[in-house]
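Every chain is numbered from 1 and lettered A, B, ... according to where its sequence line falls, protein lines coming before strand lines.
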Amino acid sequence: MSHILGVVKQRVSEALVAAFGANGQGMDSAVTPATDSKFGHYQCNAAMGLARVLKSNPRAIATRIVEDLKVGDICEAPEIAGPGFINMTLRKDFLTGRLRDLLGDDRLGVPLDGAHGAAARVVVDFSSPNIAKELHVGHLRSTIIGDCLARVMEFRGHETLRRNHVGDWGTQFGMLIAHLKDRCPEALTETSEVDLGDIVAFYKEAKKRFDEDESFKERARLEVVSLQSGETEAIRGWQVLCDQSRRQFQEIYSLLDIEIEEKGESFYNPFIPDTLEELEKLGLIVESDGALCVYPEGFKNKDGDPLPLIVRKRDGGFNYDTTDMAAIRYRIREEKADRIVYVTDAGQAQHFAMIFSAAEKAGWLGDVEAVHVPFGMVLGEDRKKFKTRSGETVRLRDLLDEAVRRSRAIVDEKNPELDEVTRDQVARVVGIGAVKYADLSQNRISDYVFSFDKMLALQGNTAPYMIYAYVRIQSIARKVGIDLTTLTPDDIATLETPEEVDLAHGILRFPEVIEAVERELAPNRLTDYLFDLSQTFSRFYTENRVAGDPRETTRLALCALTARVLRKGLSLLGIQVLDQM
RNA sequence: GCGCCCGUGGCUCAAUUGGAUAGAGCGUCUGGCUACGGACCAGGAGGUUAGGGGUUCGAAUCCCUUCGGGCGUGCCA
């Protein structure tokens, strides 16, 4: 069953054909949610656009559309307003019927997607930290946004490949392996696991020696050669370093409740020769200053000359242009992706535009949709790149711990009667949820100013506000002594109060919002909706007594559905809910 | 220099992609507790959407231009 917006659009489209024949065929129905609730629930803006084409008066056209508009079963009589807006208000009995359907629908009205075919396969490339370094604030947005988009895709029924394109290959491994051989030679023997401790400190030690000691530098260079030629000891050292890093990454991903599968840069190494050979055969490779280049059209460097993707460096080595070309080819050819989504910072927009253009030129892309999902930087409150007071990059671990610590302090103050274990649980869910929500609720593309105080604020458009709405619903259920999951369609009688009607429509908008999030790859569409729904619920809660009221059962059903939408919506953001806080 | 992105109340942000009188939150001011959890609700004040020009029934949104900021601009990712 399609969502309400879809039904209204369909009806308007039919009316356009009925009113204007062939002229109305394929015309945009121009139906949107009402810009203001005083205009009803949905509005059609088609008449104004048509007026130009048909050289007629927009209000007259609106009248003709309304004459052919068959919506009596879902709306009150449409009204024409202003220059030619057609406003529609949903009937209460229609809303009631839809709510009854939802009570028996565990997908809350959200259909499995048919747009990309029954079983579309989507690659979501996100997070992507570097081995032997650390997840820091620069990885926050990619990780959180990528996870959210992946969750939405999964919910819509796509087979989703969550890919961590970690930086696990490159010249920096020379110095790391050389340092490993000195500091921890036992790591290179086949036996037990070793613990290098803080891998980042290890990296810094190696870097220091590399910068200060010429002979070490030379050894590092030789280790790179060994590694690339597959020499056993070097490979072993590399694996040890990767394992250590992986373990530290996993701690953060667990804390964030994020699943992701690592397929790092090294994974694509075996596919590089074929990739280059194919590009060569296609005549796309040009040698320049000893490097092998592909020149997609339309990109210029600062001298106005064509800008290349360098797929093999002068020294024979490979870089991220190479890997990304091999990776996109692999994802299309081997993994049969229908859609590939790259969640990286906006600064890489040109790079991906070039990769996509080159892949198109090579004939790899075909019907596959490759899309870069850019996002802005995380800024400090001084509007400069977010750093610690001492100028260091902020570690994700520290940031998350701080969020949990602060929310713990708030729980201790607000709800000291909760036991220790519960308060820890609340602190974790609210703290992590607040960090995620603050990020996802921003328009992706703009830079965003990081502030603990604002994200953990207990009011406003924040995670705690929504979780609180959910908690209050659970509290009502406890008060009444009912399991909200046991309500059935028969438990909804009629909708009476304005707050009930608003809440009903809010609940029923969920599917159209999910569709928009998926289409626009814009998580903030979902956060805006959930905030709106929470506010609508709070108004309902204030004005409409549930427990003990004659309308208790219907209202409980509204509460149950609100809770389910909140829980599902928040879970798509990667945020958990609580029964008490 | 060139390319891309951005500029919206004091602050942080929306605006369903060209729709109606530009909406929220924070802060501020006023009101509401016989509490289904006040981490709440109702209301007020606060805007020339950086400036200017254009396109059209209609522009924060599209085009041109000026100013301001960020990022990118061949062997880092």
Side-chain angles (χ1 to χ4, degrees), chain A residues 5 30 32-36 39 43 45 48-49 51-52 57-58 81-85 87 128 130 165 167 170-172 265 288-293 298-315 317-321 323-324 344-351 353 374 376-377 379 383 385 410-411 414-415 430 441-443 445-449 451 453-454 457-462 464-465 467-469 471-480 512-513 516 520 522 524-525 528-529 531-532 535 538-539 541-543 545-549 552 555 559 580-581:
Chain A
L5 177 61
T32 63
T35 52
D36 190 315
F39 300 135
Q43 62 183 56
N45 306 327
M48 286 81 76
R52 182 165 34 225
N57 175 325
F85 296 101
N87 292 332
S128 307
N130 290 316
H165 194 80
T171 49
Q172 77 274 21
E265 291 172 344
S288 170
D289 293 334
L292 300 186
C293 303
F299 299 94
K300 289 183 169 43
N301 68 13
K302 54 188 155 197
D303 299 322
D305 298 326
L307 188 63
L309 288 165
I310 293 175
V311 292
R312 200 184 76 189
K313 298 192 290 183
R314 187 170 23 201
D315 67 4
F318 304 120
N319 59 16
Y320 78 132
D321 288 336
T323 311
D324 279 342
T344 80
D345 68 274
Q348 296 189 52
Q350 182 175 263
H351 167 69
M377 291 190 301
L379 305 178
R383 298 219 59 116
K385 203 168 171 182
I410 294 166
V411 188
K414 296 263 180 196
N415 259 332
V430 171
S441 62
Q442 304 288 317
N443 181 321
I445 200 70
S446 49
D447 293 343
Y448 114 85
V449 176
S451 162
D453 290 335
K454 292 207 170 77
L458 307 170
Q459 57 283 89
N461 190 5
T462 62
Y465 179 85
I467 295 171
Y468 180 63
V471 164
R472 293 212 291 192
I473 293 170
Q474 302 314 311
S475 188
I476 292 171
R478 283 193 295 271
K479 174 93 176 180
V480 176
E512 63 199 47
V513 172
E520 300 173 26
N524 73 308
R525 278 242 131 53
D528 283 356
Y529 164 75
F531 179 52
D532 188 57
Q535 281 189 313
S538 286
R539 280 182 215 117
Y541 178 93
T542 304
E543 301 294 330
R545 175 85 192 180
V546 177
D549 189 274
E552 177 178 292
R555 287 178 178 171
C559 287
Q580 49 183 344
M581 66 192 284

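Between A/Arg472 atom CZ and B/A39 atom P there is a gap of 9 Å when expressed in whole angstrom units. Taking atom CG of residue A/Leu307 and atom C1' of nucleotide B/G3, one finds them 10 Å apart after rounding to whole Å. Nucleotide B/G74 holds its P atom 18 Å from the CG atom of A/Asp315, rounded to whole Å. Spacing between atom CG of A/Asp303 and atom C1' of B/G3 amounts to 14 Å, rounded to whole angstrom units. The NZ atom of A/Lys385 sits 8 Å away from the P atom of B/G72 (whole-angstrom rounding). Atom CE of A/Met377 is separated from atom C1' of B/C4 by 14 Å (rounded to the nearest Å). Here B/G3 presents its P atom at 10 Å from NZ of A/Lys300, a figure rounded to the nearest Å. Counting to the nearest Å, the P atom of B/A14 and the OH atom of A/Tyr529 are 21 Å from each other.
Phosphate proximity of B/G38 to A/Tyr541: present, with a side-chain N or O under 4.0 Å from OP1 or OP2. An OP1 or OP2 oxygen of B/G37 is reached within less than 4.0 angstrom by a side-chain nitrogen or oxygen of A/Ser475. For the pair A/Ser441 and B/A24, the criterion of a side-chain N or O lying under 4.0 Å from OP1 or OP2 is not met. For A/Tyr465 and B/C26, the shortest distance from a side-chain N or O to OP1 or OP2 is not below 4.0 Å. Taking side-chain N and O atoms only, A/Gln535 has a distance below 4.0 Å to OP1 or OP2 of B/G25. Remark: A/Asn57 is not in phosphate contact with B/C57, judged by side-chain N or O atoms under 4.0 Å from OP1 or OP2. In this structure, A/Asn443 reaches the B/A15 phosphate: one of its side-chain N or O atoms is under 4.0 Å from OP1 or OP2.
Residue-level contact check: A/Val449 touches the backbone only, with heavy atoms under 4.0 Å from sugar-phosphate atoms and none from bases. Residue A/Gly304 is out of contact with every strand shown, counting any heavy-atom pair closer than 4.0 Å. Within the 4.0 angstrom heavy-atom criterion, only backbone atoms of the sugar-phosphate kind lie near A/Ser538; the bases stay farther away. Across all strands shown, A/Gln43 has heavy atoms under 4.0 Å from base atoms, whether or not it also approaches the sugar-phosphate. Using a 4.0 Å heavy-atom cutoff across all strands shown, A/Lys313 reaches at least one base atom of the nucleic acid. Using a 4.0 Å heavy-atom cutoff across all strands shown, A/Val480 reaches no nucleic acid atom at all. Within 4.0 Å (heavy atoms only), A/Ser451 reaches no atom of the nucleic acid at all. Counting non-hydrogen atoms under 4.0 angstrom, A/Gln172 reaches nothing in the nucleic acid. No engagement by A/Gly548 is indicated, since no non-hydrogen atom pair under 4.0 Å with the nucleic acid exists. Contacts of A/Pro58 with the nucleic acid, taken as non-hydrogen atoms under 4.0 Å apart, are absent. Among the atoms of the strands shown, none is found under 4.0 Å from any heavy atom of A/Ala51. When heavy atoms are screened at a 4.0 angstrom cut-off, A/Asn301 is found touching base atoms of the nucleic acid. At a threshold of 4.0 angstrom between heavy atoms, the contacts of A/Tyr448 are confined to the sugar-phosphate backbone, with no base atom among them. Residue A/Ala81 is in base contact, counting any heavy-atom pair closer than 4.0 Å across all strands shown.
If you check B/C36 for Watson-Crick or wobble pairing at under 3.5 angstrom, you find it has no partner at all. The base-pairing partner of B/G23, taking Watson-Crick or G-U wobble contacts with both distances under 3.5 Å, is B/C13. Across all strands shown, B/G3 forms a Watson-Crick or G-U wobble pair with B/C71, both key distances being under 3.5 Å.
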Legend entry - Pair A/Phe85-A/Asn45, side chain to side chain contact (heavy atoms under 4.5 Å, CB included): steps then yes or no: CA-CA 5 Å; A/Phe85 296 101; A/Asn45 306 327; 3.2 Å; yes
Legend entry - side chain to side chain contact (heavy atoms under 4.5 Å, CB included) between A/Thr32 and A/Gln43, worked out: CA-CA 6 Å; A/Thr32 63; A/Gln43 62 183 56; 3.4 Å; yes
Legend entry - Trace of the side chain to side chain contact (heavy atoms under 4.5 Å, CB included) decision for A/Gln350 with A/Leu307: CA-CA 10 Å; A/Gln350 182 175 263; A/Leu307 188 63; 3.5 Å; yes
Inset, instruction - Test A/Asp324 against A/His351 for side chain to side chain contact (heavy atoms under 4.5 Å, CB included), laying out the working first. - result: CA-CA 10 Å; A/Asp324 279 342; A/His351 167 69; 2.6 Å; yes
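When each of B/G37, B/A20, B/G25 is scored by its nearest atom to the side-chain atoms of A/Gln580, the top-ranked nucleotide is B/G37. Closest approach to the A/Gln442 side chain among B/G74, B/C75, B/A14 is made by B/A14 (side chain taken as heavy atoms from C-beta onward).
A distance of 8.5 Å separates OH in A/Tyr529 from CD in A/Glu512, rounded to the nearest 0.5 Å. From A/Met581, atom CE reaches atom CD1 of A/Ile467 across 6.0 Å, with rounding to the nearest 0.5 Å.
With hydrogens and angles ignored, no donor-acceptor pair closer than 3.5 Å exists between the side chain of A/Tyr468 and the base of B/A39. Below the 3.5 angstrom threshold, one finds no donor paired with an acceptor across the side chain of A/Thr35 and the base of B/G23. Taking 3.5 Å as the limit, the base of B/A15 and the side chain of A/Asn524 contain no donor-acceptor pair of atoms between them.
Judged by closest nucleotide on RNA chain B, A/Arg539 is the one of A/Asp321 and A/Arg539 placed further toward the 5' end. Two residues, A/Ser446 and A/Asn461, neighbour RNA chain B, and the one matched to the more 5' nucleotide by heavy-atom proximity is A/Ser446.
A/Asp345 and A/Gln348 share a donor-acceptor pair across their side chains, judged by distance under 3.5 Å alone.
The two residues A/Gly376 and A/Asp447 make their nearest non-hydrogen contact at CA-OD1, 3.3 Å.
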